[in-house]
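Take a look at the structure set out below.
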Amino acid sequence: MDAKYNPTDIEAKWYQYWLDHKFFHSEPDGREPYTIVIPPPNVTGVLPMGHMLNNTIQDILVRRARQEGKNACWVPGTDHASIATEAKVVNKLAQQGIKKTDLSREEFLEHAWDWTREHGGIILKQLRKLGASCDWDRTGFTMDEVRSESVIKVFCDLYRKGLIYRGVRMVNWDPKALTALSDEEVIFKEHHGKLYYLRYKVEGEDKYAIVATTRPETIMGDTAMCINPNNEKTAWLKGKKVVVPLVGRVIPVIEDEYVDMEFGTGCLKVTPAHDVNDYMLGEKYNLPSIDIFNDNGTLSEAAGLYASMDRFDCREQIAKDLEAAGLMEKTEDYTNNVGFSERTNVPIEPKLSMQWFLRMEHFAQMALPPVMEDRLRFYPQKYKNTYKHWLENIKDWCISRQLWWGHRIPAWYLPEGGFIVAENEAEALRLAIEKTGNHALTAADLKQDSDCLDTWFSSWLWPISLFDGIRNPGNKEINYYYPTADLVTGPDIIFFWVARMIMAGYEYQNEMPFRNVYFTGIVRDKLGRKMSKSLGNSPDPLDLIERFGADGVRMGMMLSAPAGNDILFDESLCEQGRNFNNKIWNCFRLVKGWQTADTDQPAYARLATDWFAAKLTETAAEVEDLFKKYRLSEALMAIYKLFWDEFSSWYLEMIKPAYGQPIDRCTYELTLGYFDRLLRLLHPFMPFITEELWQNLQERKEGESIMFAAVGDIACGQADTVLLGSVEELKQIIAGVRNIRQQRNIAPKEALMLQVMGEKTLQASEEQVLVKLCNLSSIEHVGQKAAGAATFIAGVTEYAVPLDKFVNKDEELKKLQAELEHQEGFLRGVMAKLGNERFVQNAKPDIVERERQKQHDAESRIAALKESIAALG
RNA sequence: GGGCGCUUAGCGCAGCUGGUUUAGAGCAUCUGCCCUACAAGCAGAGGGUCGGCGGUUCGAAUCCGUCAGCGCCCACCA
């Protein structure tokens, strides 16, 4: 075996082994199910660091559940990502000189499918490198047959229930993607622009009303000016009419308390077609609505001479023109919030258009209580608030998109107007004939709606549709796997996805879709910046795996990723992971290199094996508890310390035979057993190296795997706390001696004598350990230590190492003085408490008792120190 | 503008219902070591008074108030 662990071949070998034996595959059986559905990544995407973290966590949970004897099922899959994928395909076609508008819907979809087949699933291949134990036989896709039919069925069902409606509303329009968006797809950003003060001439007078606006280009759509009826400053405009600058159109002055008297001049221009609030005013006062924009954000014919100009170019131009015409009072720098499209990153245009909507109050009412009552738990809990706030202020969901890549809305329009919603064309025709009584109707007379559905309208069914629970309610699989156990995802999609899955879960399964949601943090770079393609600060995960091994990368990610906290990713974390792998590897080499002999177990080895058994039990219980609380980083850290500090640095050093000597069989067997348990504990975090070493620890049969090696027995029983305590004190003594060596530069080879003061007694086994780890020539229990000995305190006992020729009295004295001061200060603190009547009266008796113990301990130490100082002086 | 959260060693964090040896691990730092498992290592050491102020209490990093800084979410002031 090489002194350095080389993960590459080993990882590939075991992943194939797991696949060959179908270890990841799950079928319903009598065991308790443990289910996770993957947050489906974009089908044509590649793996970003966020997904690495996310999927590492899922794999840890799944593997742990498997080891706990549950029927673990992790279902993978991908999302068609309607708008994102369509944009990519449009781009690709553009590079070939093909415009989307030149293609028929069918032709375009053919290109999109080609693209999907070409790039689809790359991301899932990457997950295999990471070691993800997904049931690949179950891989789903939001646009495959089962999922598509489920979406259509749900749409029809909700329409029949009256929860889906079609109507003209003000929606968020993306002028680049040329589609409506939901409110959640709009991101507000601060925009540094200008506030323009425009002069509106009062009709028939030589006076002007000044209006402040950030969007002067919309004046062509103005159909009123609005003032607050209570505003004295603008009262003079009541009942008047004003002239829209440049345009020349005369519009009325209306009054509404909506207008903020403090803002700008108190006059508001009203453009019902291009502002949500203005739209409401327009409805209220029955104002005409002039749409001056084309779908792509250029000015329309209605804008007169500015027609076909881009909206932002137009803003500049119009500002100049107003200036020239003397109609611009002034401009000011101004910062406001502007909504941007999440996908295309262009400013959203509020636009009046015909869309499909889902009523949300019904869903919000179902989805709120289980979370608030902690039946469905969020980790961390703080997201409960966010969730609550959203549900309590929810608006209807715009679910139609003017895109082709997605699930086409199953609505067919009739020649004479009106429409039919049905699961397919034949059914639509049947219903159409029934509705109209016109038996001459044919399929060709029906025109299907050209829009498709929001991507999230399929994702929200994911935990159900993956088990075909929409098409076949109550089937064996959905009954077994649903509700799923845990969902692991980012808090950024709590509204898009998490909340809506909860809604769909209650609507279609009458039950929550998952019992726990683990919100991961966002992966950032060292400087705290979000990792993104445009910044180029995201490392290539496959490259990291190549360099550090999947186990190393997994550990690196987990080391600093408590739920909900962002992680500042740094390659050095992976390095730490890799180093740990190497440590484990070398421990294995050491242990497997020993020869055994049929001799009795020496006392020191007995102490070591008893102690480590207790340590294992203690830590395993801790790990179990941390898993229950989803504190996975801490669980990993606990195992890391157990392995590196306790097992490698202490236990193995204690039992290690002298060079070339064999080890007694009993100790050896026990050690292999401990190694086995350590590997099992560690397996969920580092699946590959643990499998490799577990397989080599002893003879294994073909088809065996650490994946199914139970962990339940490790935390079994009560750890011997007395033994744990006494070994901790032993470690202190060893550290004390080593410290003396270090400070005085005494070579490890030079044997030292240890003197134990006072009443302390050491077991023979303890003395043997001390001799072994400190290289002692002898241990003496003495009343008076040798003159010029170096001393230290462990527990409440003073120890001395006689060193006459080495010791520097002054230095020694200084050290003792400092320690004495510290102890005296400590004692003062304790005495202050104990001297306080009210403390003794009010504090719980065991607290008071503990203070007395502290006092006692401190006093013994002080006595010992004083004695030493006196002896030196 | 509203809501939530954070502020503990150089760094990123843990410290739950106040009291468990005058604050804990990890990484980094410093010192000494190639001693045949591991220099991707071993041994040892240093480092914070818990953002500021005020309060409650016998006792506060831990509870309350307030100020400051940071972050996130939500929101139609043009």
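Order of the sequence lines sets the chain letters (A, B, ...), proteins ahead of strands, with each chain counted from 1. No hydrogens, no waters, no symmetry mates; every other heavy atom, side chains included, goes into these values.
For the residue pair A:Thr671 and A:Tyr651, a side-chain donor N or O sits within less than 3.5 Å of a side-chain acceptor on the partner. Inspection of the A:Lys269 and A:Thr271 side chains reveals an N or O donor paired with an N or O acceptor under 3.5 Å. Side chains of A:Glu332 and A:Tyr197: a donor on one and an acceptor on the other come within 3.5 Å. A:Glu622 and A:Thr619 are not linked by any side-chain donor-acceptor pair at a separation below 3.5 angstrom, with hydrogens and angles left out of the test. Side-chain contact of A:Arg578 with A:Asn581: a donor-acceptor pair under 3.5 Å is absent, judged by distance alone.
Between the OH atom of A:Tyr279 and the P atom of B:C76 there is a distance of 16 Å, given to the nearest Å. Nucleotide B:C77 holds its P atom 14 Å from the CG atom of A:Leu281, rounded to whole Å. Distance NZ (A:Lys833) to P (B:U21): 11 Å, rounded to an integer number of Å. Regarding A:Asn385, its CG atom lies at a distance of 9 Å from the C1' atom of B:G5, rounded to whole Å. In this structure, A:Phe580 atom CZ and B:C38 atom P are separated by 18 Å, rounded to whole Å. Atom NZ in A:Lys815 sits roughly 11 Å away from atom P in B:A45 (whole-Å rounding). Look at NZ on A:Lys854: it is 7 Å from C1' on B:U20, rounded to the nearest Å. At whole-Å resolution of the value, CD in A:Glu634 and C1' in B:G24 are 12 Å apart.
For A:Tyr387, no side-chain nitrogen or oxygen approaches OP1 or OP2 of B:C74 to under 4.0 Å. Contact between the side-chain N/O atoms of A:Asn579 and the OP1/OP2 oxygens of B:G41 is found at a separation under 4.0 Å. The phosphate of B:A78 (OP1 or OP2) has a side-chain N or O of A:Tyr334 nearer than 4.0 angstrom. At the phosphate of B:A45, OP1 or OP2 sits under 4.0 Å from a side-chain N or O atom of A:Asn739. In terms of phosphate contacts, A:Thr386 brings no side-chain nitrogen or oxygen within less than 4.0 Å of OP1 or OP2 of B:C74. The side chain of A:Trp390 places no N or O atom within less than 4.0 Å of a non-bridging phosphate oxygen (OP1 or OP2) of B:A75.
Counting any heavy atom pair closer than 4.0 Å across all strands shown, A:Trp644 reaches sugar-phosphate atoms only and no base atom. A:Lys269 comes within 4.0 angstrom of nothing in the nucleic acid, heavy atoms only. Using a 4.0 Å heavy-atom cutoff across all strands shown, A:Phe569 reaches no nucleic acid atom at all. Nucleic acid contact for A:Phe588: none, since no nucleic acid atom lies under 4.0 Å from a heavy atom of the residue. Residue contacts for A:Gly829: at a heavy-atom cut-off of 4.0 Å it reaches no nucleic acid atom on any strand shown. If you check every strand for non-hydrogen atoms under 4.0 Å, A:Arg631 touches sugar and phosphate atoms only. Among the atoms of the strands shown, none is found under 4.0 Å from any heavy atom of A:Phe188. Residue contacts shown for A:Arg589 are limited to sugar-phosphate atoms, with no base heavy atom under 4.0 Å away. When heavy atoms are screened at a 4.0 angstrom cut-off, A:Val840 is found touching no nucleic acid atom at all. At a threshold of 4.0 angstrom between heavy atoms, the contacts of A:Arg738 are confined to the sugar-phosphate backbone, with no base atom among them. A:Leu268 comes within 4.0 angstrom of a base, heavy atoms only. Residue-level contact check: A:Asn836 touches the backbone only, with heavy atoms under 4.0 Å from sugar-phosphate atoms and none from bases. Using a 4.0 Å heavy-atom criterion, one finds that A:Arg547 contacts no nucleic acid atom at all. At the heavy-atom level, A:Asn337 lies under 4.0 Å from base atoms of the strands shown.
B:C63 and B:G55 make up a base pair, with Watson-Crick or G-U wobble contacts both under 3.5 Å. In a base pair of the Watson-Crick type (N1 to N3 plus N6-O4 or O6-N4) or a G-U wobble (N1-O2 and O6-N3), with each distance short of 3.5 Å, B:A25 is matched with no nucleotide. As the counterpart of B:A75, no nucleotide is assigned, since no Watson-Crick or G-U wobble pattern has both distances under 3.5 Å. Pair assignment for B:C50 gives none, since no Watson-Crick or G-U wobble pairing has each distance under 3.5 Å. B:G5 is paired with B:C70 under the Watson-Crick or G-U wobble criterion, all donor-acceptor distances under 3.5 Å. Nucleotide B:G44 is matched to B:C30 when pairs are restricted to Watson-Crick or G-U wobble geometry with both distances under 3.5 angstrom.
In terms of modelled atom types and a separation under 3.5 Å, the side chain of A:Lys592 and the main chain of A:Leu697 share a donor-acceptor contact. Between the side chain of A:Asn842 and the main chain of A:Arg838, a donor-acceptor pair closer than 3.5 Å is present.
Distance noted for atom P between B:G24 and B:G48: 13 Å (whole Å). B:C4 and B:C64 have their P atoms separated by 13 Å, given to the nearest Å. If you take atom P in B:C38 and the same atom in B:U20, they sit 43 Å apart, rounded to whole Å. Distance noted for atom C1' between B:A39 and B:G46: 22 Å (whole Å). Remark: the separation of the P atoms in B:U66 and B:G5 is 14 Å, to the nearest Å. Between B:C16 and B:U62, the distance separating the two P atoms is 11 Å to the nearest Å.
If you check B:C38, B:A25, B:A78 against the side chain of A:Asn586, the one that comes closest is B:C38. Between B:G19, B:A78, B:G26, one nucleotide has an atom nearer to the side chain of A:Glu851 than all others, and that is B:G19. Among the nucleotides B:G26, B:A78, B:A40, the one closest to any side-chain atom of A:Asp645 is B:G26. Nearest nucleotide to the side chain of A:Leu568, out of B:G12, B:A78, B:A37: B:G12. Which of B:C76, B:U21, B:G32 sits closest to the side chain of A:Gln742 comes down to B:G32. When the nucleotides B:U36, B:A37, B:A40 are ranked by their closest atom to the side chain of A:Arg578, B:A40 comes out on top. Proximity note for A:Ser649 (side chain, C-beta onward) versus B:A78, B:C42, B:U21: the nearest is B:C42. The nucleotide whose nearest atom lies closest to any side-chain atom of A:Tyr640 is, among B:A37, B:G26, B:C4, B:G26.
Taking both residues in full, the closest heavy atoms of A:Cys587 and A:Ser648 are given as SG-OG, 3.0 Å, listed atom of the first, atom of the second, then distance.
Taking only distance into account, the side chain of A:Asn277 meets the base of B:C76 through a donor-acceptor pair shorter than 3.5 Å. Residue side chain A:Glu653 does not reach the base of B:A43 through any donor-acceptor N/O pair under 3.5 Å, judged by distance alone. In this model, a side-chain donor or acceptor of A:Lys583 finds a partner on the base of B:C38 within 3.5 Å.
With contacts defined as side-chain heavy-atom distances shorter than 4.5 Å, the pair A:Glu837/A:Gln841 qualifies.
The aromatic rings of A:Phe519 and A:Tyr383 are tilted relative to each other, their planes meeting at an angle between 30° and 60°.
Nearest-nucleotide assignment on RNA chain B puts the 5′-proximal partner with A:Ile847, out of A:Ile847 and A:Glu821. Heavy-atom distances to RNA chain B give each of A:Gly264 and A:Glu824 a nearest nucleotide, and the one nearer the 5′ end belongs to A:Glu824.
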